[in-house]
Amino acid sequence: MKLSMRNLLMASAACLALVGCQQGSEIISPGLTEVVVSPPPPPPPPPPPSEASTCPDGTDGTALGTKTLCDAPLGNLTTLSGVLTESATLEYIEDVVYELKGRLDVGTDAGAAGTGSPVVLTIEPGVVIVGDSGSDHIVVNRGHQIEAAGTAALPIIMTSENDISLTSEGRDDVIGEWGGLVVLGNAPINRCNVAGVNPGTADCQNAVEGVTEPDALYGGADPEANSGTLQYLQVRYAGFEVATDVELNGITLAGVGSGTTVDHIQVHNNSDDGVEFFGGTVNAKYIVVTGNDDEQLDTDNGYNGNIQFVLGTQRGGDSSDNGIEASSVAPGVTPLSNATISNFTLIGNGNTDSHGIRLNTGTVGQYLNGILIEANNCLDYEDSAGDGLPGYNAANDPTFKSVLFDCGAGLLTTGGDADTATGQAAVDADANNVVTTNSLGGFFPGPNELAVETADLSDDFFTAVDYIGAFGPDESETDNWATGWTQDVFPDPECPEGTTAAGQLNGQNLCNVTGTVTDTLRLTRGNLYALVGRVNVGVDVGSDGTAPDGDDGTLIVESGVTIFGRSGADYLVVNRGSQIFANGTATNPVIFTSENDVIDADGDRENAIGEWGGLVILGDGQINRCNVVGATSGTNDCENAVEGVTEPDALYGGSDLSDNSGSLTYVQVKYAGFEVATDVELNGITLAGVGNGTTINHVQVYNNSDDGIEFFGGNVNVKHVVVNGNDDEQLDTDNGYNGSVQYVIAVQRGGDSSDNGIEASSVAAGANNPASNATIANFTLVNNSTINNTDSHGIRMNTGTIGTYINGVIVEQNSCLDYEDSAGDGVAGFTAGADPAFQSVLFDCGAGLLTTGGDADPVTGQAAVDADTNNVVGGNSLVDTFVNGANENAVTAATIAPGGFLDVVDYIGAVKDADDTWWQGWTCGLEASTPC
């Protein structure tokens with residue numbers, strides 16, 4: 001973000017005036033009328049004086065950083081080494097760390113049949129185990145079990161002594177300081193250590209890599225074998241090289257069966273693979289693999305399990321290989337390596353040996369609902385993969401469904417063993433695979449990811465989700481399945497570059513947004529953002545994009561972010577040629593509001609309005625009101641200054657019907673519309689000259705002091721609108737607006753407030769085209785105040801507007817329609833066919849259908865209503881203010897042509913019935929249970 005020199009000098013002067021600028025949380029935000037800095041946290045309670053750092057059974061311990069290193073007995077063992085021959089528990093003691101001294105075997109190999117009672121090693125939540133060399137590792141042998149069930153608050157940690165004795169700083173590149181964790185089972189595998197035996201049978205076993213003297217065997221014929229539980233477990237800095245090119249993985253799962261529970265595990269900075277599956281059928285969920293030196297995940301030797309929710313990130317530099325490597329044995333051997341992996345996010349580092357996924361040696365596999373970001377090639381699809389096996393056909397190739405590929409060096413590796421043609425065919429086979437640029441916010445989906453249609457997941461193991469990647473749109477850095485129990489995944493929230501840290505508010509970082517954004521500014525979750533004065537996104541590029549001083553900018557607002565203003569001077573303007581992407585979710589909407597709302601200054605806010613400016617988006621779409629006499633409307637010569645914005649004017653208009661000013665999805669705008677000058681107020685959301693390349697879906701404006709949403713020309717299309725409690729119109733169309741709006745809930749505030757549900761206007765009669773000619777479908781406009789506001793109507797039409805109103809419900813205690821004589825065919829050259837039209841609308845009007853007297857034209861208005869026999873004047877039966885009842889459902893809905901922007905529906909009104917809840921979760925003030 002670039003700031004003007006004037007803003008920079010003002011900020012510097014303000015700093016000097018404070019007699020030495022303070023740092024950190026002591027800063028008071030500019031413009032605040034009171035100190036809102038959070039008080040310093042109370043000092044932590046003193047540690048309990050008990051045995052918090054005493055080793056169990058009175059054994060001796062030594063200091064290890066801030067911990068006590070204990071050489072504890074375990075069952076029949078005097079230390080954590082040797083062979084555990086009886087079940088035992090490693091208990092959690094605060095500040096105690098347990099030391100591995102060599103190889104710790106859980107039981108002795110029970111063979112492929114796994115006969116006898118298992119030896120079970122139970123590790124309590126919060127236990128920390130450390131090793132000091134590659135000889136320090138844990139092996140859970142066939143027929144035995146490990147029960148390592150941590151919790152999000154108390155994960156189990158297996159790491160190195162150096163990690164505990166040193167701080168975590170400077171350890172980004174540290175790997176291989178101890179061995180790792182090996183779990184061996186007797187589920188089927190396809191690589192046997194004896195020639196002539198049948199793969200997948202009890203005779204087929206093998207020695208796991210990385211473990212020597214004696215070999216550790218795995219494999220058998222029990223696909224449901226149970227090797228225990230791994231939950232909320234971290235394995236860090238492991239993978240010591242025990243012999244040349246022989247290293248342990250962080251976690252090795254060899255021949256492990258589906259009776260084993262594996263979820264919420266992390267392997268961080270291992271010197272070989274993060275997690276490797278050698279055959280077996282174990283399923284796994286919620287896997288984090290970060291900074292490992294070879295693959296992040298590796299499947300081999302006939303692995304046939306399911307994996308869901310995987311975050312894999314490679315370490316920087318010339319390290320790490322593939323996000324996933326999938327292999328098997330020589331062609332023709334079953335059981336095939338055929339993993340199903342869904343909801344993965346793999347981010348590579350650009351190493352020339354690095355790929356998102358490498359497929360070779362007879363592997364099949366399904367890769368669903370994933371995100372691959374790789375500076376090198378996304379796929380290394382080798383000629384030995386899939387149908388490289390004798391007798392295979394294309395149906396046995398690896399498959400990709402609903403995967404977003406962002407590949408710096410192209411989708412597929414070429415040359416060498418690569419089979420680019422088959423790899424390309426595998427990607428092309430599913431229309432929902434996308435090769436494009438990612439729009440992730442950190443690891444969380446942006447508009448490009450959310451646009452990918454997800455693949456169905458048939459196995460009961462999988463959690464049904466409607467997003468691709470490891471994390472969903474309702475998750476954030478501070479609230480997701482990996483929060484709290486992982487290391488070095490999510491940074492502490494801080495004000496992003498392009499904003500200014502301004503202390504804390506409500507326990508969150510407060511970040512000021514000022515000046516003009518002429519680059520890309522992303523407002524990340526975990527912070528609060530204050531608009532300080534008029535904030536511009538970009539400098540106007542003109543109606544044709546060639547303004548000499550123009551400079552475009554982009555503002556990205558992540559889901560769940562709250563942005564506030566303190567007065568009418570604080571508002572946001574997205575200028576022509578620039579874009580805003582504010583994409584919330586149903587459970588984490590983007591919120592624009594006032595400081596009073598954020599700090600809850602006055603409790604009951606039902607009647608609070610006009611506490612800050614608002615949101616203004618300007619495009620270069622067509623308009624019909626020009627600020628230069630003689631300019632031809634609808635062309636680049638026709639532009640105008642938007643109302644409510646002064647010094648300098650904010651211009652809109654042009655000739656680009658497909659203008660793309662960005663995206664607003666699941667957005668709330670509350671308490672805006674401050675009067676910036678006499679009778680000059682900002683709307684909650686102003687859309688001026690905005691074209692149909694812009695996406696607006698699920699937006700709410702609540703308690704604005706002017707209109708809720710006003711459209712000044714343009715042809716942007718909008719769906720799912722809630723406008724309630726606004727002081728003028730709930731919706732206003734003007735200056736040649738030609739878009740479509742569907743699903744509108746408009747509820748006026750009680751008392752002698754609010755004007756019309758919808759006002760539709762244009763320029764003076766006989767003015768230029770394009771005429772204001774909106775199509776508004778499936779609307780419910782409600783004014784059921786007990787106080788008769790004579791200025792209120794369901795819809796007011798004047799000054800040359802046309803418009804089609806389809807499948808609506810109007811409940812108005814005054815007259816439903818104020819149809820003025822200047823509307824429709826009052827425009828010179830218009831015909832009666834250009835009048836406003838009503839189709840399948842229920843009118844419930846306390847003071848009659850039509851306004852009379854003054855400028856009203858009740859005759860033409862009545863004719864417009866009578867023209868469609870499906871219009872009904874009668875009582876409503878709405879439930880809970882705006883949900884259809886029997887009377888609404890009895891109205892025959894108008895026919896909507898398929899294939900356009902409007903959905904084809906068989907009902908009138910915004911909300912069909914009690915099961916239609918599109919407005920729930922992301923709006924406020926519509927029902928008592930969700931106040932604003």
Side-chain angles (χ1 to χ4, degrees), residues 589 604-610 667-673 683-685 698-710 718-732 741-759 776-789 791-796 805 807-817 841-846 875-885 887-888 908-914 916-932:
D604 182 8
R605 301 190 52 74
E606 185 176 354
N607 293 311
I609 61 173
V667 171
Q668 284 185 23
V669 177
K670 302 187 292 186
Y671 310 115
N683 306 297
I685 299 176
H698 295 91
V699 293
Q700 177 185 23
V701 179
Y702 175 74
N703 277 27
N704 197 77
S705 65
D706 196 27
D707 300 335
I709 302 175
E710 183 159 7
V718 182
K719 275 182 180 165
H720 301 107
V721 177
V722 175
V723 274
N724 53 324
N726 301 296
D727 207 38
D728 199 356
E729 276 68 50
Q730 308 306 305
L731 283 187
D732 198 333
V741 183
Q742 189 173 28
Y743 311 118
V744 179
I745 300 172
V747 181
Q748 299 197 27
R749 191 161 70 256
D752 193 20
S753 300
S754 300
D755 284 351
N756 308 289
I758 296 173
E759 181 170 28
I776 301 182
N778 293 96
F779 55 90
T780 300
L781 312 179
V782 179
N783 179 13
N784 52 15
S785 173
T786 58
I787 299 176
N788 183 18
N789 176 9
D791 291 329
S792 170
H793 311 90
I795 301 177
R796 180 187 180 212
Y805 301 89
N807 296 334
V809 178
I810 300 176
V811 179
E812 173 58 60
Q813 43 89 17
N814 195 20
S815 52
C816 284
L817 298 180
V841 178
L842 185 151
F843 300 89
D844 184 351
C845 321
N876 83 89
S877 60
L878 293 172
V879 179
D880 296 328
T881 306
F882 52 83
V883 178
N884 283 358
N887 293 0
E888 291 74 32
I908 70 170
V911 180
K912 180 178 182 180
D913 52 35
D916 184 6
T917 58
W918 61 261
W919 50 274
Q920 287 187 348
W922 60 276
T923 62
C924 66
L926 288 175
E927 54 187 349
S929 60
T930 56
C932 287

message = Once ring pair (Phe, Tyr, Trp, His ring centres under 6.0 Å) is applied, do any residues pair with F779, and if so which ones, sequence neighbours excluded?
response = none
Quick one: pull up [atom1] in [X] and [atom2] in [Y] and give me the separation to the nearest 0.5 Å.
{"X": "I776", "Y": "L731", "atom1": "CD1", "atom2": "CG", "value": "6.0 Å"}
{"X": "N724", "Y": "K670", "atom1": "CG", "atom2": "NZ", "value": "11.0 Å"}
{"X": "Q730", "Y": "N704", "atom1": "CD", "atom2": "CG", "value": "9.5 Å"}
{"X": "I685", "Y": "E710", "atom1": "CD1", "atom2": "CD", "value": "12.5 Å"}
{"X": "L842", "Y": "I810", "atom1": "CG", "atom2": "CD1", "value": "9.0 Å"}
{"X": "N756", "Y": "E812", "atom1": "CG", "atom2": "CD", "value": "8.0 Å"}

Does [X] reach the main-chain N or O of [Y] with its side chain, forming a donor-acceptor pair under 3.5 Å?
{"X": "Q813", "Y": "N783", "answer": "no"}
{"X": "N703", "Y": "E606", "answer": "yes"}
{"X": "D707", "Y": "E729", "answer": "yes"}
{"X": "N887", "Y": "G875", "answer": "yes"}
{"X": "N726", "Y": "V701", "answer": "yes"}
{"X": "D755", "Y": "S792", "answer": "no"}

Under a 4.5 Å cut-off applied to non-hydrogen side-chain atoms, are [X] and [Y] in contact?
{"X": "V841", "Y": "I908", "answer": "no"}
{"X": "D913", "Y": "N884", "answer": "no"}
{"X": "W918", "Y": "V911", "answer": "yes"}

query = Looking at I745, V721, V722, which hits side chain to side chain contact (heavy atoms under 4.5 Å, CB included) with Q700?
reply = V722
inquiry  = Taking side chain to side chain contact (heavy atoms under 4.5 Å, CB included) as the criterion, tell me which of D732, V669, V699, N683 meets it with I709.
reply    = V699
Shortest non-hydrogen separation from [X] to [Y] and the atoms involved:
{"X": "C924", "Y": "P931", "answer": "CB-O, 3.8 Å"}
{"X": "I795", "Y": "Y805", "answer": "CD1-CD2, 3.8 Å"}
{"X": "G925", "Y": "C932", "answer": "N-SG, 3.4 Å"}

task = Please work out whether the ring planes of Y702 and Y671 are parallel, tilted or perpendicular, with thresholds of 30° and 60°.
result = perpendicular
key: Parallel, tilted or perpendicular: ring planes of H698 versus H720, cut at 30 and 60 degrees   = parallel
ask   = Between the side chains of E888 and S877, is a donor N or O closer than 3.5 angstrom to an acceptor N or O?
value = yes
